[in-house]
Structure formats: C-alpha cells, structure tokens
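In what follows, a single structure is set out as structure tokens and then discussed.
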Amino acid sequence: MAKNHHDPITVIPDRERRKREASPDRHRVLPKTSVFVAGAVLFVAVTFVGAGALGAVQPATGIPGEVVQLTQFGPALGVAAVALFRPASVRSLLAGAFRSSHGGGGRGSGLPLLATALLIITCCVTASGIATGDVRFTPPSELHHPFALIVVAQLIGACGEEIGWRCFLQPLLRTRFGPLTSSIVVGVLWGVWHVQVFAQNPAYAGGFLLGAVSMSVVMGTALERLRSSRLLWAGGFHTLINLGMLLFMDEESGAVLPMVLFGVSCLPAALFWGRRAPSRIDVILDSK
C-alpha cells in the first residue's frame, strides 16, 4: 500500500527513534481503516467459532484436557483466516514473533516477563496458604500423564493462543492505539473468549477476567521491549502460569477462592508493568 504523504504522523524524539530503529514495528505497513476493522473482526470471529469447534471435537480425538486443550488453537485459526485475504499485512504484523525480520538480532530479554509469571504464582500460592491454612501441591508424579509431555504440550498450546492474541491482534491494535489501551482490549477479548468461566460463580468469572486483563497488560507491555522471539516469550509466560495453577491451585474444580486470589495476585504485576508502558503511538496513518 502506497503511503499518503499528506497523512499526519507523530514526531518521535531522536533518542527514542534511535532506540526503536532495530524494531520490526518501525517498518510495519499500516493497514487502512477498512482493512484494520475487517482484520480484527475476522480474527475475533474465527477465533471464537474455531475454538468452539475444536472443543467439540476434542473428546473424539482422545487427547486429554490435562495435557492440552484444542480450543487453545482457535487464535491460530483466526490468524490463518486473515492471512488468506491479507497475507502481506499478517506477515508485517507478525514481524518479531519469531525472530527479527531485519537481521539485527533480538534486543532486550524476556526473562523479566518469565520472572513475573513466577512471582504471580508465588503470590497466589502464598495468599491461598494464608487464607486456608494449607498449601496445596500436586506432585508431577501424581498427574495422570508424564509431566514432560504436559510441559511441552502446554507450551505448544500457549503459543497457539499467543500467536493470535499477543503476536497478531496486539500489533494490529497498536497501529491505532497505545500499548496500554491495546493490552486492555486484548485482555478483555481474551477473557471473554474463555466462555466456560461464565458458567461458574460470578466471583469466579470476575477473578478470571481480572487475571486475564492483568496478564494481558503484563505481556503486552513486556513485548514492547522485545525485538524478536515474542511468541516464545509470551508462550513461556503463559505456560508457567498454567503449570503453576495446575500444580498448586484447584481452580479447575470451580472453587471460587483460588480464582479470586489468582486475579488479585495478577493485578500488582499489571500495575507495575503498565506504568512502564510508553504513552505514544509510533506512527499513525489516517488512512481512509
């Protein structure tokens, strides 16, 4: 798409511009408004419908939910659907999901993001222990399937989600909004996408939504600082959260307290990372 040179752009200070020069986002082709809306709507629609279909067929596949849930690949289907119509736009938006597309190598580290996941689980387990007087722990040897298989499958499933939410939709929203707003919107959609939680107690659903939006802010802000391997870092964060909940909490039983404590434990991390988010949009093209 040829750029309209009369479109307004924000002016980035020289120091900030040099800091971001290696970012694949700098070279992103920004979609027209119609393409932006159509891409977002198509992605969300296919993600919701695709996840429902995958969940319906999972019992027939024999794949145990403890290992991986096929619904996690709904967002990947959403990205694939958009790519059928706008392959160039999808390639641009996924820049940095795997590696830097401009040969400069990755800058920054995702280790603080992974450390945040561990801190969230630690806070959640500690709060649960204080509230109940007991710390629940399920040894990996007592799980119904080999723990190594669960870890690998959980990482694959988490990446199936994150390639859509954090590596496609988040960058798409970033062409119009700042990182904090984009992260909150993605978090709300991500939380609502887990429709099964709304069959639980309202406090359970509220705790889950708080956790989803908070984690989205953490990941969205942290990934702003990474130039490559964003999918792996986001998937790693997601996997650590899932494994921590599997081993230490019993929220899958529908118990309200563990989910509420999880949501509350995620909130301080979101506040910390949210304060570090840049406030401006790099480039805005007011395309018609």
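- Between the Glu66 side chain and the His144 main chain, a donor and an acceptor come within less than 3.5 Å of each other.
- Put simply, the side chain of Gln69 never gets that close to the backbone of Gly55: no donor and acceptor are under 3.5 Å apart.
- Closest heavy-atom contact between Pro75 and Trp193: CD-CZ2, 3.5 Å.
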Derivation of the side-chain hydrogen bond (donor to acceptor under 3.5 Å, both in side chains) call for Ser183 and Arg166: CA-CA 8 Å; Ser183 298; Arg166 245 60 60 177; over 6 Å; no

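- Atom OG1 in Thr221 sits 13.0 Å away from atom CZ in Arg275 (nearest 0.5 Å).
- Taking the side chain as every heavy atom from C-beta outward, His194 and Phe208 approach each other to under 4.5 Å.
- In this structure, Phe43 has its ring center closer than 6.0 angstrom to the ring center of Trp165.
- Residues Leu246 and Leu143 have side chains in contact (heavy-atom distance under 4.5 Å, counting atoms from C-beta outward).
- Proximity of Ile163 to Phe73: side-chain heavy atoms (C-beta onward) are nowhere separated by under 4.5 Å.
- Here the shortest heavy-atom pairing between Tyr204 and Gly254 reads CD1-O, 3.7 Å.
- Listed here is the closest heavy atom pair of Leu169 and Leu189: CD2-CD1, 3.9 Å.
- Linking ILVMFWY residues whenever their side-chain heavy atoms come closer than 4.5 Å, directly or via other members, leaves Val125 and Leu257 in distinct clusters.
- By the 4.5 Å heavy-atom criterion applied to side chains, Leu118 and Leu240 are counted as neighbours.
- The two residues Phe237 and Ile120 come nearest to each other via the heavy atoms CZ-CD1, 4.2 Å.
- Using the six-membered ring where Trp is involved, His238 and Trp190 have ring planes that are perpendicular, over 60° apart on the 30 and 60° scheme.
- Side chain of Thr116 to backbone of Pro112: a donor-acceptor contact under 3.5 angstrom is found.
- Side-chain atoms of Arg174 come within 3.5 Å of backbone atoms of Phe177 as a donor-acceptor pair (strictly under, hydrogens ignored).
- Counting heavy atoms from C-beta outward, Phe168 and Val82 have side chains that approach closer than 4.5 Å.
- The minimum heavy-atom distance linking Phe85 with Leu42 is given by the pair CD1-CD2, 3.9 Å.
- Side-chain atoms of Val213 and Val188, non-hydrogen and from C-beta on, do get closer than 4.5 Å to each other.
- By the 4.5 Å heavy-atom criterion applied to side chains, Leu111 and Trp233 are counted as neighbours.
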Exercise. Run the numbers on Leu173 and Phe36 for side chain to side chain contact (heavy atoms under 4.5 Å, CB included), then give the verdict.
Key: CA-CA 8 Å; Leu173 294 178; Phe36 167 81; 3.9 Å; yes

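- Although no hydrogens or angles enter the test, the distance criterion places no donor-acceptor pair under 3.5 Å between the side chain of Ser228 and the main chain of Gly96.
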* **Evaluation steps, side chain to side chain contact (heavy atoms under 4.5 Å, CB included), between Val68 and Ile156** => CA-CA 8 Å; Val68 68; Ile156 294 172; over 6 Å; no

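- Contact of the Gln72 side chain with the Asn242 side chain is registered, since non-hydrogen atoms from C-beta on lie closer than 4.5 Å.
- Looking only at distances, no side-chain donor or acceptor of Glu162 sits under 3.5 Å from a matching main-chain atom of Gly235.
- A cation-pi arrangement is present between Arg276 and Trp273, with the terminal nitrogen or guanidinium carbon under 6.0 Å from the aromatic centre and inside a 45° cone about the axis.
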Going through the checks in order, is the side chain to side chain contact (heavy atoms under 4.5 Å, CB included) test met by Thr138 and Asp250?
-> CA-CA 10 Å; Thr138 302; Asp250 63 342; over 6 Å; no

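- Considering every non-hydrogen atom in both Leu247 and Arg136, the closest pair reads O-NH1, 3.8 Å.
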